[in-house]
Amino acid sequence: MTKAIRFSETGGPDVLTLEDIPQPEPGPGQIRVSNRAIGLNYIEIYFRSGVYPVPSLPSGLGTEGAGVVDAIGADVTDFQVGDRVAYAQAPLGSYAEQHVLPAEKAIGIPDDVDFETAAATMLKGLTVQYLLRQTYPVKAGETILFHAAAGGVGLIACQWAKALGVKLIGTVSGPEKAKLAMDHGAWATINYKEENIVERVRELTNGDMVPVVYDSVGKDTWETSLDCLQKRGLMVSFGNTTGPVSGVNIGILNQKGSLFVTRPSLAGYADTRPRFEAMCGELFEMLSSGAIKADINQRFPLAEVAKAHEALASGQTTGSTVLLP
Ligand SMILES: NC(=O)c1ccc[n+]([C@@H]2O[C@H](COP(=O)([O-])OP(=O)(O)OC[C@H]3O[C@@H](n4cnc5c(N)ncnc54)[C@H](OP(=O)(O)O)[C@@H]3O)[C@@H](O)[C@H]2O)c1
């Protein structure tokens with residue numbers, strides 16, 4: 001038997017229970033990973049609460065982790081038992097001592113990257129890779145707006161933008177988070193609880209506004225973000241923290257300056273093995289060079305996952321959070 005978090009109905013954090021389940025066996029093309037650390041991501045709140053559908057219930061939760069391969073299925077040639085690996089887009093169920101996943105979703109981790117760092121940065125770091133390097137490839141000297149800058153994705157974005165010579169304006173909910181974002185390379189912050197985001201962006205850019213906004217907040221910031229853009233600017237809406245953006249009349253893009261909008265996901269960018277490996281390569285380079293450090297500011301035992309979800313959903317966390325099996 002092995003321990004795993006399961007839920008049989010969608011709802012609040014208390015639907016998550018730690019259960020003893022039979023040890024899963026890898027099938028053809030699959031590996032089993034004995035997790036050493038598990039990444040916590042906002043998307044799991046969407047699955048748990050029913051915002052995103054799960055394939056079936058009861059279900060496991062979590063798609064990210066890092067650990068040691070402890071069994072391999074038939075036809076697996078790239079990995080051996082004992083390999084140190086990380087993964088970010090596995091089938092739901094990484095909130096567990098052991099997880100079975102397609103080998104193609106895993107990547108070997110360099111010796112200088114520890115398990116907690118890998119678990120904390122795979123999904124969030126690959127997300128920042130595609131946002132800053134692919135969706136809108138930022139250029140040195142540009143000023144950009146990035147919401148939730150002191151969060152898990154946000155603190156990695158602050159560091160990556162700084163390394164690229166980009167001036168990142170980050171939104172945050174208070175002075176401590178503002179300091180954290182600045183310490184991680186943000187060029188300026190806006191405390192959205194006290195300041196008007198559009199006016200502050202206007203001041204900070206001397207009226208130019210920004211060519212791109214990265215918005216994971218969703219419903220609450222949709223129009224504000226559009227108002228921060230230059231003519232023909234790009235709105236990158238990549239999350240739903242306050243609820244999904246829906247019911248949009250696309251005429252608004254015309255009214256606000258012939259704008260572009262995209263709603264990307266990691267799955268749409270890391271969609272082939274070569275693309276996934278190239279993105280991981282860049283991320284590991286940033287980690288190994290020290291340009292990006294994982295900020296694991298919360299650690300929870302796997303059994304206390306409900307507390308971890310409460311903290312993340314209520315904005316109490318900063319940087320990344322890992323679960324420890
Ligand atoms: N599309 C993709 O490929 C992709 C991949 C990864 C993550 N994401 C999205 O990126 C976002 C960040 O993910 P994360 O795991 O790194 O989480 P996170 O940023 O660590 O946590 C969410 C943050 O959102 C901010 N926030 C703003 N309004 C909020 C509200 N009403 N309630 C709660 N928090 C609020 C909070 O920071 P303040 O206190 O400073 O406001 C909070 O810390 C999520 O929306 C996630 O779904 C998308």
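All ligand and atom numbering here is 1-based and tracks the order in the structure. If you're wondering where the values come from, they're calculated on a predicted model, not measured in any experiment.
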The test is side-chain hydrogen bond (donor to acceptor under 3.5 Å, both in side chains); show your working for Y269 and T135 and say whether it passes. CA-CA 9 Å; Y269 280 83; T135 307; 3.0 Å; yes
Can you list the steps and then say if S225 with D215 is a side-chain hydrogen bond (donor to acceptor under 3.5 Å, both in side chains)? CA-CA 7 Å; S225 293; D215 186 335; 2.7 Å; yes
From I43 atom CD1 to T63 atom OG1, the distance as rounded to the nearest 0.5 Å: 6.5 Å
Looking only at protein heavy atoms, what sits closest to atom 18 (P) of ligand 1 is G152 N, 3.7 Å
For side-chain contact (heavy atoms from CB on, under 4.5 Å), just list the numbers for Y136 and E142, CA-CA rounded to whole Å, side-chain angles, deciding distance to a tenth of an Å, and then say yes or no. CA-CA 12 Å; Y136 177 96; E142 278 184 318; 2.6 Å; yes
Could you tell me whether the side chains of Y87 and N35 share a donor-acceptor contact shorter than 3.5 Å? yes
Of the protein's non-hydrogen atoms, which lies at the shortest distance from atom 19 (O) of ligand 1, and what is that distance? G151 CA, 3.4 Å
Give me the nearest non-hydrogen protein atom to atom 37 (O) of ligand 1 as residue plus atom name, then the distance to 0.1 Å. K177 NZ, 3.5 Å
With only distance considered, is I43 within less than 3.5 Å of ligand 1 through an N or O on each side? no
What atoms in ligand 1 come closer than 4.0 Å to a heavy atom of N41? 15 (O)
State if P264 counts as touching ligand 1 under the rule of any non-hydrogen atom under 4.0 Å. yes
Checking side-chain polar atoms at under 3.5 Å, does H99 have a donor or acceptor matched by the opposite partner on R32? no
Close approach, Y269 and ligand 1, non-hydrogen under 4.0 angstrom: no
Which pairs, with at least one residue in residues 247-260 and sequence neighbours excluded, count as a salt bridge (Lys or Arg N to Asp or Glu O under 4.0 Å)? E223-K256, D227-K256
When distances are taken from atom 35 (C) of ligand 1, the protein heavy atom at minimum range is T241 CG2, 3.5 Å
Mind checking whether A150 has a heavy atom under 4.0 Å from ligand 1? no
Side-chain donor-acceptor pair present, S216, H147, cut-off under 3.5 Å: no
When only distance counts, is L40 in polar contact with ligand 1, meaning an N/O pair under 3.5 Å? no
Shortest protein contact, atom 23 (C) of ligand 1 (heavy atom only): A148 CB, 4.0 Å
Mind checking what makes ring-ring contact (aromatic ring centres under 6.0 Å, His included) contact with F47, not counting sequence neighbours? Y52
Stacked cation flag R84 on F115, 6.0 angstrom / 45 deg: yes
Polar atom proximity, S216 to ligand 1 (N or O, under 3.5 Å): yes
Per-atom contacts, ligand 1 versus N240 - under 4.0 Å to a heavy atom: 45 (O)
Strictly under 4.0 Å, does any heavy atom of A267 approach an atom of ligand 1? no
Going by heavy atoms, is H147 under 4.0 Å from ligand 1? no
Go through ligand 1 atom by atom and flag the ones less than 4.0 Å from a non-hydrogen atom of R263. 1 (N)
Got D70 and V33 here, is their nearest side-chain heavy-atom distance under 4.5 Å? no
Which of the atoms of ligand 1 are close to Y130, meaning less than 4.0 Å from one of its heavy atoms? 1 (N), 2 (C), 3 (O)
Cluster question for you: counting only ILVMFWY and a side-chain heavy-atom cut-off of under 4.5 Å, with indirect links fine, are F238 and Y42 together? no
Tell me, which protein residue and heavy-atom name are nearest atom 41 (O) of ligand 1, and how many Å apart are they? Y192 OH, 2.5 Å
Here the atoms of ligand 1 under 4.0 Å from any heavy atom belonging to V172 are 40 (O)
Student check: side-chain heavy atoms of N297 and T317 closer than 4.5 Å: no
Against heavy atoms of A313, which atoms of ligand 1 measure under 4.0 Å? 32 (N), 33 (C)
Could you tell me the residue and atom name of the protein heavy atom closest to atom 8 (N) of ligand 1, and the distance to it rounded to 0.1 Å? F238 O, 3.7 Å
Element-labelled atoms of ligand 1 that are located less than 4.0 Å from some non-hydrogen atom of Y46: 44 (C), 45 (O), 46 (C), 47 (O)
